[in-house]
Asks: 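Structure below; questions to follow.
Residue numbers start from 1 in every chain, and the chains themselves are labelled A, B, ... in the order their sequence lines are given, proteins ahead of strands.
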Amino acid sequence: MSPVRDHQGIALTSFNGLWDRGDPDTTPLDHFSQCSNIDFVAQSSFRTRPGVGISQTVSVPLSNVKRIYNYPIQNANTLIVLTIDTSGNGKIYHVVSSSVTYGPILTIAGMTDFAFVPYAGRGYISPFTDYNNGSLIFQSGLASNYLYVYAGDGTNARQAAGAGMSGTMTIANGAAGYTDAGQKVFGFVSQTASGYNSPPSILTSFITSSGNSVSFGSIPTSGNPNVVKRLLVSTITIPNFNGDLSGYQFFFVPNAVINDNTTTALNNISFYDADLLSDASSLLNNLTSVPAGAVLSMYHNRLCLAATNTDISLIYVSLPGEPEAFDQIAGLIVAPLDGNPITNAQEFRDVFYVFKRNRTYSYADNGGDPSSWPLVIIDPGLGTCPHGVATVLDSGGVNVDALIVATYQGISRFNGVYITPELTWKISNYWSNLDFTNNFGKIQMVNSPVQKKLYCVTPSRNLLVGDYNNGMDYKNIRWCPWNFQSQVNSVGIQDVNNIILGADLG
Amino acid sequence: MGTFKIKPTSLGSSTFTLVSGTTLGAFQAGALNSSVIKTNGSGALARLDCALATSIFLDNSVLPTSFSSLPAGFTVVTHNPILNGGGSTNGDNSASWFMQFDSSTESSNSQTGLFTYPNTILSMLDLVNGGFGVRGVGTGTSDALFGTLANGWFISGNYSIQNFSWTISPSTSVSPGTKVTITASSGLGLGTLSSLSIQYVDSNGNTHIDTVLAQDFLSQSQTQVVFFFPQFGNLTTGSTVYIYAIDNGTQFSGSVLAGTLTVKFADASGIYILTPFASTDIIYNAARDGTTTSVNILDPIIKTGFIP
Amino acid sequence: MAGKSSSSAGEELVNHYGLIRLRVDGIANTNLRMTLMSLDELQTNVLNPLVLSLTSSIEPTVLCNFTQQRAKLQITTTGLGETFQISKIIIYVKPVANSYPQ
């Protein structure tokens, strides 16, 4: 019985989010022609979105927040935050908890964004900024700037890698011992607290005696206060020395380590040529300073840095397990040159995917040097922006079986190819109206598999939320934009389920 | 329909060599009067800055019209940077000379001094704040750009006045999150607007342009647009902000100055956390002293599809 | 015109929208503001706000009186601290004319 005579009830019991595709008059009844600040509940209800609260309870909270990253340390899930002060200086802080903030740990004029990778408890930071390329705005590493490493303890971040020591040392026969008699070249490698080994330096030749050990004096200390060890290196006995101190292969001498940066003597070292097994010559090829790039990523335990200010299509790949050691010959990959910078990189199913704004490539580790890894062009028309691959929880970018990637076409699942229709198929008008010319780089996404929601900061500086409780496919995902008093710049997840937003002054 | 000229008031960041015997003249009289610049083998760049109060000359007037005094509905239709009043400018063909609007927008090699902003008509605020200039590349020591420069260097253009009557409310003490309503009482309607462009110069002298897309309006009809005012930058309370309307091309092209409003500074920036079941947004106070304010969740809204 | 109401979907008959019923909860004293809108939102029918409570044993109704070929329903809140949760909307419609006068 109808409550109003002769009127028929049309029941709306499914609410599947925003529909913005084609003519608004054709919006299906189970969708909204317009919605804002709505959250979806279970399968078929909707409600006002959750409010935001402050994340910092300190007396002077951080202001003008430009970028937030998760930074898991040994005993907490913390945040690394970039702000810009009134003078245009980019300042990075380490927010340990709501009441504890370290920093600024790094201050760089002109830094408007940064790339970040946590590794082995440390954080690797690369400052970058926007630059104009015709009518488009791209991102590349900040000119005349470098990769930095942060220890996670509140001390200032420092430039990664580093040059070898300088100076001279004295060498003499030590107490009774043993060496293979003959000409050798000795040197020292300095090691920082983060495990980085500098190129061998203070190279000095000496003729050893078979019945004596070798003693070293006046050993220089490193000017780098982060050096914690100095390791002795040596060549094997050289039959015909030609005078070229760096022209021979160096090896680490066993049990010949100075465990500080103050001692100036190392006495009575005995070794045979057969004991020299660990190569140190490869250190000579390493960069002593790593230029800043717009992209940082990990692949097969190697730190990968791309889009420097001078080489926007170049990828620097570190040695495995050594995130500051970049071989300047074998550790370089040149992506196809098309005038566009590399924007993102992500490991997925053992393949290294590299993105430009409208290209996607892949490289696969063949066991050889990175420069030998084969290139495959995955998609010549779709790519993404610096933060356009959704991070999952507080870890990397992979969720279950696909990456979630923001492209010019829409937000797509990527499992080696871009799956169509894209997830934003229902709101294709909304997506295509966004300002990609000037603000494609503003997009950042996180994926919360616990809440089953995608959070995407859009070029309009609001949050586009996709609820996939009914399934992550183009039909069942439910979209709704969320707006706030502030202009949202950044989004992250902390402690599994807490969505963190960064807002700037505009 | 009318014409305008934007004349520079000062030299911006520039590097050039003056040809011997020439001098910098008074800018308002024609910029670099009687001056000739040359690359001198190492390139040349002359940037010319303009001022909102004194650079705009309408319809060959000898007195400037300040930007804030431009008539409502003032719309830039065309614009070109002009060297030497539009006459021939290059007496030395070994150099390449490029016209510029803002320093990142440059013509191809042009020796006649005419080029339009690629694919976009800039607003008057953009034109004045962006300035214009010329860049020369040449390896010869005598590569020069000369001519009868007494005619001046300026941006020349045409404008029209859109007949409409729009009001903006509120127009004072507008802070981020304020619900602003633009009402059309006559003339151009609001139903075909594709976006609003909110433009201002911050306390550091930097021009900001914030865009509110139509899809982010709270509501839009022929007679009314309602939107939430976005967070603005480092602007002191009482500063003026310009609201430009951009149409989808049905009623007008380019941008139309809809009006102005003054702002009340509020810094709601910072780190926030989504709080399940919270019924308000709690934001940092502008004092940045750890205190907070509860504000409305900006009008949650749904519109169904058409029934039936 | 049929004596009894019948579905007019796709026929663009002129309909009368007489009542809206919802399954809705919200923070106490939330004013749920609803508006019916015509094609191109040229005409509207602003309904009386519905005052919500945190729990409810009934699905409240709101009378409306709107005659259009098609209409859409807008639901919003505007006050500080107001929230709502909706799981069902029923709109009662009756075709009243085949077309507008030519």
Asks: Is chain A contacted by the side chain of Ile283(B), its backbone, both, or neither, given a heavy-atom distance below 4.5 Å?
Replies: both

Asks: Check each atom of Arg461(A) against the heavy atoms of chain B and say whether the ones under 4.5 Å are side chain, backbone, both or neither.
Replies: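 Neither the backbone nor the side chain of Arg461(A) comes within 4.5 Å of chain B.
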
Asks: Please look at Tyr455(A) and chain B and tell me whether the side chain, the backbone, both or neither of the residue comes under 4.5 angstrom of a heavy atom of that chain.
Replies: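 Only the side chain of Tyr455(A) comes within 4.5 Å of chain B.
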
Asks: Side chain, backbone, both or neither: which part of Val95(A) has an atom under 4.5 Å from a heavy atom of chain B?
Replies: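 For Val95(A), the side chain is the part near chain B, not the backbone.
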
Asks: Relative to chain B, which segment of Asn132(A) carries a heavy atom at a distance below 4.5 Å: side chain, backbone, both, or neither?
Replies: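 Contact with chain B involves the side chain of Asn132(A) alone.
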
Asks: Please verify the inter-ring angle class for Tyr272(B) with Tyr284(B); under 30° counts as parallel, over 60° as perpendicular, anything in between as tilted.
Replies: tilted

Asks: Would you confirm whether the ring centroid of Trp425(A) sits within less than 6.0 angstrom of the ring centroid of Trp479(A)?
Replies: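 Aromatic pair excluded; centres sit 6.0 Å or further apart.
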
Asks: With only heavy atoms counted, which part of Val491(A) is less than 4.5 Å from chain B, the side chain, the backbone, both or neither?
Replies: neither

Asks: Go through Arg49(A) and Asn37(A) one step at a time and tell me if the side chain to side chain donor-acceptor pair (under 3.5 Å) criterion holds.
Replies: CA-CA 5 Å; Arg49(A) 69 154 170 85; Asn37(A) 287 334; 2.9 Å; yes

Asks: At a heavy-atom separation under 4.5 Å, does Tyr200(B) approach chain A through its side chain, its backbone, both, or neither?
Replies: side chain

Asks: Is Ile10(A) in contact with chain B via its backbone, its side chain, both, or neither, using a 4.5 Å heavy-atom distance?
Replies: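 The answer is the side chain of Ile10(A).
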
Asks: Under a 4.5 Å cutoff for heavy-atom pairs, which residue among Gly290(B), Ser194(B), Ser294(B) has the most contacts with chain A?
Replies: Gly290(B)

Asks: Please walk me through it: do Ser269(B) and Asp504(A) pass side chain to side chain donor-acceptor pair (under 3.5 Å)?
Replies: CA-CA 5 Å; Ser269(B) 68; Asp504(A) 69 352; over 6 Å; no

Asks: Below 4.5 Å from any heavy atom of chain A, which atoms of Pro276(B) appear? Answer side chain, backbone, both or neither.
Replies: backbone

Asks: For Leu235(B), which atoms come within 4.5 Å of any heavy atom of chain A: side chain, backbone, both, or neither?
Replies: neither

Asks: By a 4.5 Å heavy-atom criterion (distance strictly below it), what part of Thr86(A) contacts chain B: side chain, backbone, both, or neither?
Replies: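 Both backbone and side chain.
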
Asks: Using modelled atom types and a 3.5 Å cut-off, is there a donor and acceptor pairing between side-chain atoms of Ser33(A) and backbone atoms of Gly305(B)?
Replies: no

Asks: Heavy atoms only, distances under 4.5 angstrom: which of Thr291(B), Asp210(B), Ile297(B) has the most pairs with chain A? Name it, please.
Replies: Ile297(B)

Asks: Measure distances from Leu12(A) to the heavy atoms of chain B and classify the residue's part below 4.5 Å as side chain, backbone, both or neither.
Replies: side chain

Asks: Using non-hydrogen atoms and a 4.5 Å limit, figure out which bit of Asn462(A) sits close to chain B: side chain, backbone, both or neither.
Replies: side chain

Asks: Quick one: closest heavy-atom pair of Ile121(B) and Thr78(B), and the distance?
Replies: CD1-CA, 4.4 Å

Asks: Looking at Cys35(A), Ser36(A), Ser490(A), which one has more heavy-atom pairs under 4.5 Å with chain B than the rest?
Replies: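 Highest number of heavy-atom pairs under 4.5 Å: Ser36(A).
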
Asks: Is it the case that the ring center of Tyr69(A) lies less than 6.0 angstrom away from the ring center of Phe114(A)?
Replies: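 Here the rings of Tyr69(A) and Phe114(A) have centres that are less than 6.0 Å from each other.
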
Asks: Which region of Thr211(B), side chain (C-beta onward) or backbone (N, CA, C, O), has a non-hydrogen atom less than 4.5 Å from a non-hydrogen atom of chain A, or is it both or neither?
Replies: neither

Asks: So which of Thr27(A), Ile68(A), Leu62(A), Asn483(A) has the biggest tally of heavy-atom pairs under 4.5 Å with chain B?
Replies: Leu62(A)

Asks: Heavy-atom pairs under 4.5 Å with chain B are the metric here; pick the option from Asp25(A), Asp20(A), Asp30(A) that has the most.
Replies: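 Option with the greatest count: Asp25(A).
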
Asks: Of the backbone (N, CA, C, O) and the side chain (C-beta and beyond), which part of Ile499(A) lies under 4.5 Å from a heavy atom of chain B, both, or neither?
Replies: both

Asks: Find the distance between OG (Ser460(A)) and NZ (Lys442(A)) and round it off to the nearest 0.5 Å.
Replies: 11.5 Å

Asks: Measure Ile38(A) against the heavy atoms of chain B and call it side chain, backbone, both or neither at under 4.5 Å.
Replies: side chain

Asks: How many angstroms lie between atom CG of Leu125(B) and atom OH of Tyr242(B), to the nearest 0.5 angstrom?
Replies: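 Result: 7.0 Å between the selected atoms.
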
Asks: Quick check on Val60(A) against chain B: is it the side chain, the backbone, both or neither that has a heavy atom closer than 4.5 Å?
Replies: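 The answer is both parts of Val60(A).
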
Asks: Specify whether Trp482(A) and Phe484(A) have parallel, tilted or perpendicular ring planes, treating 30° as the upper limit for parallel and 60° as the lower limit for perpendicular.
Replies: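 The arrangement is perpendicular - the two ring planes meet at more than 60°.
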
Asks: Do the ring centers of Phe46(A) and Phe15(A) come within less than 6.0 Å of each other?
Replies: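 Yes; Phe15(A) has its ring centre under 6.0 Å from that of Phe46(A).
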
Asks: Take the angle between the ring planes of Phe440(A) and Tyr408(A) and call it parallel below 30°, perpendicular above 60°, tilted in between.
Replies: tilted

Asks: Do Arg47(B) and Ser14(B) meet the criterion of a side-chain donor-acceptor pair at a distance under 3.5 Å?
Replies: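 No, because no side-chain N or O of Arg47(B) sits under 3.5 Å from a partner of the opposite role on Ser14(B).
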
